[in-house]
Amino acid sequence: QVQLVESGGGLVQAGGSLRLSCAASGRTASSYSMGWFRQAPGKEREFVAAISWSESITLYADSVKGRFTISRDKTKDTVYLQMNSLKPEDTAVYYCAVNSRRAYYYYYTLRGSYDYWGQGTQVAVSS
């Protein structure tokens, strides 16, 4: 079992920045990747970013590429999502997740690859 706790969400003006954190505990050693997804009201949960457990691979959705950065602190078993140049369309509940099912990086962007999820943290960007 893996437990995930997100933090760092809040309200920010367009153009501002936030850093989300996701602290993992439990059996994380068998994981292949950690990812961030988001869900806006009335929309499907969508992929935002992922990082392989070895940190050699990072993937981003086109909508956030160049603005968001995913990173991982091995010593704290924590994954971060640095979000810069935020836009109103980034408003959503952000979830972190752990993938212990799919080793190949192709699957890191797929919601179904992730078997453990955090409770989510709200990000609101005002125009």
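Note that the structure is predicted; figures quoted are calculated from it, not measured. The first residue in the sequence is number 1, and the count goes up from there.
Looking at heavy atoms from C-beta onward, Ser17 lies out of side-chain contact with Met83 at the 4.5 angstrom threshold.
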Could you pull out every donor-acceptor pair under 3.5 Å between side chains of residues 117-127 and any protein atom, sequence neighbours left out?
{"residue": "Trp117", "atom": "NE1", "partner": "Tyr114", "partner atom": "O", "Å": "3.3"}
{"residue": "Gln119", "atom": "NE2", "partner": "Glu6", "partner atom": "O", "Å": "3.3"}
{"residue": "Gln119", "atom": "NE2", "partner": "Glu6", "partner atom": "OE1", "Å": "3.4"}
{"residue": "Thr121", "atom": "OG1", "partner": "Gly9", "partner atom": "N", "Å": "3.2"}
{"residue": "Gln122", "atom": "NE2", "partner": "Ala92", "partner atom": "O", "Å": "3.3"}

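Of all the heavy atoms in Leu20 and Tyr94, the pair that sits closest is CD1-CB, 3.6 Å. When every heavy atom of Gly112 is checked against every heavy atom of Arg101, the shortest pair comes out as O-NH1, 2.7 Å. Nearest heavy atom pair, residue Thr78 against residue Ala23, reads OG1-CA, 3.9 Å. Taking all atoms of both residues into account, the shortest heavy-atom contact from Ile70 to Met34 is CD1-O, 4.0 Å. Nearest heavy atoms, Ala49 versus Leu81: CB-CD1, 4.1 Å.
In this structure Thr58 satisfies the side chain to side chain donor-acceptor pair (under 3.5 Å) test with no other residue, sequence neighbours excluded. Arg102 meets the side chain to side chain contact (heavy atoms under 4.5 Å, CB included) test with Asn99, Tyr107, Ser113; sequence neighbours excluded. Remark: Lys74 pairs with Glu55 by the salt bridge (Lys or Arg N to Asp or Glu O under 4.0 Å) rule, at least two apart or across chains. Among residues two or more places apart in sequence or in another chain, the salt bridge (Lys or Arg N to Asp or Glu O under 4.0 Å) test is passed with Arg67 by Asp90. Taking the side chain to side chain contact (heavy atoms under 4.5 Å, CB included) definition, one finds that Ser71 meets it with Tyr80, sequence neighbours left out. Applying the salt bridge (Lys or Arg N to Asp or Glu O under 4.0 Å) test to Glu46 and every residue at least two apart in sequence or in another chain returns Arg38. For Ala103, the side chain to side chain contact (heavy atoms under 4.5 Å, CB included) criterion is met by Tyr32, not counting sequence neighbours. Applying the side chain to side chain contact (heavy atoms under 4.5 Å, CB included) test to Thr28 and every residue at least two apart in sequence or in another chain returns Val2, Ala24, Ser31, Trp53, Asp77.
Residue-environment remark: NZ (Lys65) exceeds the threshold of 12 foreign heavy atoms within 6.0 Å. When the shell of 6.0 Å around OH of Tyr105 is examined, it contains 12 or fewer heavy atoms from other residues, nucleotides or ligands.
Put simply, Leu18 and Val79 are part of the same group of oily side chains (I, L, V, M, F, W, Y) that touch within less than 4.5 Å, one to the next. Leu59 and Leu110 end up in the same hydrophobic cluster when Ile, Leu, Val, Met, Phe, Trp and Tyr side chains are linked at under 4.5 Å.
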List the steps and the verdict of side chain to side chain contact (heavy atoms under 4.5 Å, CB included) for Phe68 and Leu86. CA-CA 9 Å; Phe68 291 11; Leu86 282 161; 3.8 Å; yes
Please determine whether side chain to side chain contact (heavy atoms under 4.5 Å, CB included) holds for the pair Tyr108 and Ile51, giving the CA-CA distance in whole Å, both sets of side-chain angles, and the decisive distance to 0.1 Å. CA-CA 8 Å; Tyr108 292 176; Ile51 186 166; over 6 Å; no
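Screening residues 49-87 for disulfide bond (SG atoms under 2.5 Å apart) gives no qualifying pairs among residues at least two apart or on separate chains. Screening residues 46-89 for disulfide bond (SG atoms under 2.5 Å apart) gives no qualifying pairs among residues at least two apart or on separate chains. Here disulfide bond (SG atoms under 2.5 Å apart) pairs that include residues 18-71, with residues two or more places apart or in two chains, are Cys22-Cys96.
Ring centers of Phe47 and Phe37: under 6.0 Å apart, within the cut-off.
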